[in-house]
Amino acid sequence: MISIANAVGSGDLGVELDVAEVESDLDLPYTEYDPSNYHGLYLRLVEGGPLITVYRSGKYIISGCSTFEQLYETNDAFLTTLSELDIVDAETETGFTVQNVVCTAQLDDPVDLNTLSIALGLESVEYEPEQFPGLIYRPADHPAVLLVFANGKIVITGASDVDTAEDAFKHLQKQVTTYLEQ
DNA sequence: TCTCATGAGTCTTATATAAATTCCGTAT
DNA sequence: ATACGGAATTTATATAAGACTCATGAGA
């Protein structure tokens with residue numbers, strides 16, 4: 001009932017890098033390094049696949065994955081590629097961690113966002129339709145942020161695992177059901 | 001027929017959300 | 001000098017506005 005749209009993870013290679021040099025050493029379908037635009041080196045191991053942003057410090061971010069499996073596989077492939085070029089040791093432990101998961105879900109029915117903002121409690125809601133069509137809900141006891149749209153579509157973001165996102169969504173569903181009954 | 005204008009329809013961008021990262025500018 | 005905020009990236013979501021293309025009509 002909820003599906004992952006984007007998973008983001010980060011790790012640390014533990015070595016300082018000359019990212020311009022790394023870019024030229026790699027033979028990838030996509031690389032981009034333009035310090036005047038951004039100081040991170042962008043890499044894609046697969047065309048159209050997840051994006052890896054590598055920094056001078058050796059820290060890196062992988063984004064654009066639609067499953068955790070793809071995220072970890074991308075991380076493994078990235079480390080393998082780097083170790084083959086002797087940029088890092090094959091045994092490098094990067095402490096790769098999932099940082100954020102963006103999920104989508106759908107409520108059974110359309111919702112009136114003005115009514116819902118009152119039902120959820122104005123203190124935890126931001127809803128300014130002229131600025132953005134979605135209602136922004138930050139549940140007090142769930143570490144995630146939900147975007148609720150009038151047609152019932154939901155975006156859950158800010159959670160570091162799917163269970164947390166799912167709990168937050170279930171909580172929202174319960175609140176919506178309660179408000180419908182009143 | 002050719003050119004210009006206007007209309008319609010499509011496409012892009014901005015708006016907002018989270019997280020990691022580093023660097024640059026500003027403010028104290 | 002230190003501290004802090006904004007910048008770019010990804011992704012779903014939905015609105016509006018502006019940019020843009022193509023067509024058709026009218027006037028010359």
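So that the names make sense, note that chain A is the first sequence line, chain B the second, and so on, each numbered from 1. Below, all heavy atoms of this structure are taken into account, side chains as well, without hydrogens, waters or symmetry copies.
Using a 4.0 Å cut-off on heavy atoms, the residues of residues 130-161 of chain A that approach DNA chain B are A:Gln131, A:Phe132, A:Ile136, A:Arg138, A:Val145, A:Leu147, A:Thr157, A:Gly158, listed by number. The stretch residues 31-52 of chain A touches DNA chain B through A:Tyr38, A:His39, each having a heavy atom under 4.0 angstrom from the strand. Annotation: proximity of residues 60-92 of chain A to DNA chain B (heavy atom, distance under 4.0 Å) is found for A:Ile61, numbered in ascending order.
Atom pair A:Asn100:CG and C:dA8:P shows a separation of 19 Å (rounding to whole Å applied). The CD atom of A:Gln99 sits 18 Å away from the P atom of C:dT10 (whole-angstrom rounding). Rounded to an integer number of Å, the gap from CD1 of A:Ile2 to C1' of C:dT13 is 15 Å. Per the geometry, OH belonging to A:Tyr127 stands 10 Å off C1' belonging to C:dA14, to the nearest Å.
Applying the side-chain contact (heavy atoms from CB on, under 4.5 Å) criterion to A:Ala144, with sequence neighbours excluded, gives A:Ile156, A:Ala159, A:Ala168. Not a single salt bridge (charged side-chain N to carboxylate O under 4.0 Å, His left out) links A:Glu84 to another residue, sequence neighbours left out. Annotation: side-chain contact (heavy atoms from CB on, under 4.5 Å) contacts of A:Val46 (sequence neighbours excluded): none. Residues passing the side-chain contact (heavy atoms from CB on, under 4.5 Å) test with A:Ser57, sequence neighbours excluded: A:Tyr55, A:Lys59. Here A:Thr94 pairs with A:Leu13, A:Tyr60, A:Asn75, A:Leu79, A:Thr92, A:Phe96 under the side-chain contact (heavy atoms from CB on, under 4.5 Å) rule; sequence neighbours left out. Considering only residues two or more places apart in sequence or on other chains, A:Arg56 meets the salt bridge (charged side-chain N to carboxylate O under 4.0 Å, His left out) condition with A:Glu16. The salt bridge (charged side-chain N to carboxylate O under 4.0 Å, His left out) search around A:Glu126 returns A:Arg138, not counting sequence neighbours.
Checking A:His171 against A:Tyr137 by side-chain atom types alone, a donor-acceptor pair falls below 3.5 Å. Under the 3.5 Å distance criterion, with hydrogens and angles disregarded, a donor-acceptor pair is assigned to the side chains of A:Thr164 and A:Asp161.
Taking only side-chain atoms of A:Arg56, from C-beta outward, the nucleotide of B:dC23, B:dT22, B:dA20 with the closest atom is B:dC23.
Ring orientation note: the planes of A:Tyr38 and A:Tyr42 are close to parallel, at an angle under 30° on the 30°/60° scale.
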Distances for protein N/O vs nucleotides 3-6 of chain C N/O pairs under 3.5 angstrom?
none

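A distance-only check finds no donor-acceptor pair linking the side chain of A:Asn6 to the backbone of A:Val102 [under 3.5 Å]. At distances below 3.5 Å, not a single donor-acceptor pair connects side-chain atoms of A:Glu23 with backbone N or O atoms of A:Val19. The backbone N or O of A:Asp86 lies less than 3.5 Å from no partner atom in the side chain of A:Ser83, so there is not a single donor-acceptor pair. Between the A:Thr97 side chain and the A:Gly95 main chain, a donor and an acceptor come within less than 3.5 Å of each other. Remark: the backbone N or O of A:Glu130 is not paired with any side-chain donor or acceptor of A:Glu128 at under 3.5 angstrom. In this structure, the side chain of A:Asn100 engages the main chain of A:Gly158 through a donor-acceptor pair within 3.5 Å.
Nucleic acid contact class of A:Glu126 (heavy atoms, under 4.0 Å, all strands): sugar-phosphate only. Contact annotation for A:Thr53: no contact, since no heavy-atom pair falls under 4.0 Å across all strands.
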Pairing string, 5' to 3', for DNA chain B - Watson-Crick or wobble contacts under 3.5 Å, brackets [ ] where pairs cross, | to another strand: ||||||||||||||||||||||||||||
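A:Thr104 has no side-chain polar atom (N or O) that falls below the 4.0 Å cut-off from OP1 or OP2 of C:dT13.
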